[in-house]
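Reviewing the structure listed below.
Along the sequence shown, the residues carry numbers beginning at 1. Values below: all heavy atoms of this structure, side chains included; hydrogens, waters and symmetry mates excluded.
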Amino acid sequence: MARTNRRKMEVSELIFKIVAYFLLIVFALMCVYPLVYALSSAFSSAVAVNTGAVILWPVDVQGGAFVEVLTKNVFWINYSNTLFVTFFGTIWALGYSILGAYALSKKRLLGRHGWNFFLVFTMWFSAGIIPQYNNYMSTVSAFGSLGITDMKWTIVIAMGMNATNIILLRNTFEGIPSEIEEAARIDGATEMQILSKVYIPMSKATIATVALFFGISRWNGYFWAYRVIGNNQKYSWPVQVYIRDYIEEWTTLTGGSSEPPSWTKTEYSATSVVYSMVVCAVIPILCIYPFIQKYFAKGVNMGGVKE
């Protein structure tokens, strides 16, 4: 039998790999530990949580906190709001990002360099909070004149722009050979047919990556949802705003003086309820991410490098 020739690993390369794997393991543990701690605190007793006895595993296991969360109608209403904002917000943002990236990738676009410059300029200099707030309020006024009073649509429509994602898509579209487009035009394809039949199928990895970015952004969105919707439409809040409001109202994290609810005097504390909400809020992302992960590195590399 022929002996396989294996290259002998040098000492420096071996040291580098050991250090790299060690750092990756430490980084992975740092990322996983907050979720493990939240899950353990959610299942631990009030005494264990309040005294700081929970470090890694649950102490005095109980499930009352999760039962409290799962039986709250308002929690599921806000949870459905998050699903609504994430689903429609991702579709809206991804749709016009694809259209904008396709237009900016064409050399025949009039003023193409100028439009690309203004797009990149927004990444260098932010307009600030006040112009963004005015933009959202203008959207609210426009919707109000049309008879649309549900504030969730404001979050969907007004929070769709992201220059980085458009640039990723544009670079991917620019990397598609022009000969394929020319062949499609010879066959009589229209502009939208070329986009839907040629560019989108050949850019699935980048589109999946950008959809993941938009989805996580909408799912975790808190600040503008809280500022725009406010207290006048609590039943339109995303779940993240509801969790924050619960923390401010019923726990001592902010030093509030509100009377604690009755379940803080039982076997589980309000902190366990908060951690139960957090765990429920991250479950959809944990379920979806493994299926999109295979596109992640490929999509960023395709869209991030311009030949």
Quiz item: Which heavy atom of Ala281 sits nearest a heavy atom of Ile243, and at what distance?
Solution: CB-CD1, 4.4 Å

Self-check item: Donor-acceptor contact present, side-chain Ser217 to main-chain Phe213, <3.5 Å
Solution: no

Exercise. Please say whether more than 12 non-hydrogen atoms of neighbouring residues, nucleotides or ligands are located less than 6.0 Å from OH in Tyr33.
Key: yes

Quiz item: Between Phe66 and Ser272, is any pair of side-chain heavy atoms under 4.5 Å apart?
Solution: no

Self-check item: 4.5 Å side-chain heavy-atom contact, Val239 and Trp76
Solution: no

Practice problem: Report, as yes or no, whether the 6.0 Å neighbourhood of atom CG on Leu56 holds more than 12 heavy atoms from other residues, nucleotides or ligands. | Solution: yes

Quiz item: Any side-chain heavy atom of Pro238 within less than 4.5 Å of one from Phe84?
Solution: no

Quiz item: Does the side chain of Gln240 reach to within under 4.5 Å of the side chain of Asn78, using non-hydrogen atoms?
Solution: no

Quiz item: What distance separates Arg218 CZ from Ile155 CD1, expressed to the nearest 0.5 Å?
Solution: 9.5 Å

Quiz item: Any chain of hydrophobic side-chain contacts (each under 4.5 Å) joining Leu35 to Val32?
Solution: no

Quiz item: How far does CE of Met192 sit from OH of Tyr102, to the nearest 0.5 angstrom?
Solution: 8.5 Å

Self-check item: Heavy-atom closest contact (Ser40 atom, Val54 atom, distance)
Solution: CB-CG1, 3.9 Å

Practice problem: Give the intermediate values and the outcome of side chain to side chain contact (heavy atoms under 4.5 Å, CB included) for residues Leu99 and Leu195. | Solution: CA-CA 9 Å; Leu99 295 175; Leu195 174 61; 3.7 Å; yes

Self-check item: Check ion pair Glu174-Arg112 (N to O, under 4.0 angstrom)
Solution: yes

Quiz item: Do Glu182 side-chain atoms and Glu179 backbone N/O form a donor-acceptor pair below 3.5 Å?
Solution: no

Exercise. Ignoring hydrogens and angles, tell me if any N or O in the side chain of Tyr79 forms a donor-acceptor pair with the backbone of Cys280 under 3.5 Å.
Key: yes

Quiz item: When the aromatic ring centroids of Phe43 and Trp57 are compared, is their separation below 6.0 Å?
Solution: no

Exercise. Nearest 0.5 Å please: distance from the OG1 atom of Thr86 over to the CG atom of Asn81.
Key: 10.5 Å

Quiz item: Quick check: are there more than 12 heavy atoms from other residues, nucleotides or ligands sitting under 6.0 Å from CZ of Phe118?
Solution: no

Self-check item: Test item: Val26 and Leu29 side chains (from C-beta on) under 4.5 Å apart, heavy atoms
Solution: no

Quiz item: Hey, mind stepping through Glu181 and Arg108 against salt bridge (Lys or Arg N to Asp or Glu O under 4.0 Å) and telling me if it holds?
Solution: CA-CA 14 Å; Glu181 179 180 348; Arg108 63 179 181 272; 3.7 Å; yes

Exercise. First locate atom CZ of Phe214, then atom OG1 of Thr209, and finally report the distance between them rounded to the nearest 0.5 Å.
Key: 12.0 Å

Quiz item: Taking side chain as C-beta onward, heavy atoms only, is Trp92 less than 4.5 Å from Phe87?
Solution: no

Exercise. Find out whether Asp60 and Val47 are in side-chain contact, i.e. whether some heavy atom of one side chain is under 4.5 Å from a heavy atom of the other.
Key: no

Quiz item: Just wondering, are more than 12 heavy atoms of other shown residues or ligands nearer than 6.0 Å to CG in Asp187?
Solution: yes

Quiz prompt | Residue pair Val69 / Met277: nearest heavy atoms and the distance that separates them | solution = CG2-CG, 3.8 Å

Quiz prompt | Leu169 reachable from Ile200 in the ILVMFWY side-chain graph, under 4.5 Å edges | solution = yes

Quiz item: Given the rule in the side chain to side chain contact (heavy atoms under 4.5 Å, CB included) test, do Thr172 and Tyr199 qualify, once you have shown the distances and angles that lead to the verdict?
Solution: CA-CA 9 Å; Thr172 301; Tyr199 280 83; over 6 Å; no

Quiz item: Do Tyr37 and Tyr275 come close enough that some side-chain heavy atom pair is under 4.5 Å?
Solution: yes

Quiz item: Roughly how far apart are Lys152 NZ and Thr82 OG1, rounded to 0.5 Å?
Solution: 10.0 Å

Practice problem: Indicate, with yes or no, if Val241 and Val85 share a hydrophobic cluster defined by side-chain heavy-atom contacts under 4.5 Å among Ile, Leu, Val, Met, Phe, Trp and Tyr. | Solution: yes

Quiz item: Between Ile167 and Phe117, is there a shared hydrophobic cluster once you connect ILVMFWY residues whose side-chain heavy atoms come closer than 4.5 Å?
Solution: yes

Exercise. Work out which heavy atom in Thr206 is nearest to a heavy atom in Leu168; give both atom names and the distance.
Key: CG2-O, 3.8 Å

Quiz item: If you measure from the Lys or Arg side-chain nitrogens to the Asp or Glu carboxylate oxygens, is any gap between Glu191 and Lys106 under 4.0 Å?
Solution: no

Quiz item: Under the 3.5 angstrom rule, does the side chain of Gln62 hit a backbone N or O of Ala42 as a donor-acceptor pair?
Solution: yes

Practice problem: May I ask you to check whether over 12 heavy atoms, not counting those of Phe16, lie within 6.0 Å of atom CZ? | Solution: no

Quiz prompt | Val210: which of Thr90, Ile166, Thr164, Asn165 passes side-chain contact (heavy atoms from CB on, under 4.5 Å) | solution = Asn165

Practice problem: Working to the nearest 0.5 Å, report the span between CD1 of Ile25 and CE of Met30. | Solution: 14.0 Å

Quiz prompt | Main-chain N/O of Ile77 paired to Ser80 side chain as donor or acceptor, under 3.5 Å | solution = yes

Quiz prompt | Check: Ser44 side chain, Pro58 main-chain N or O, donor-acceptor pair, under 3.5 Å | solution = no

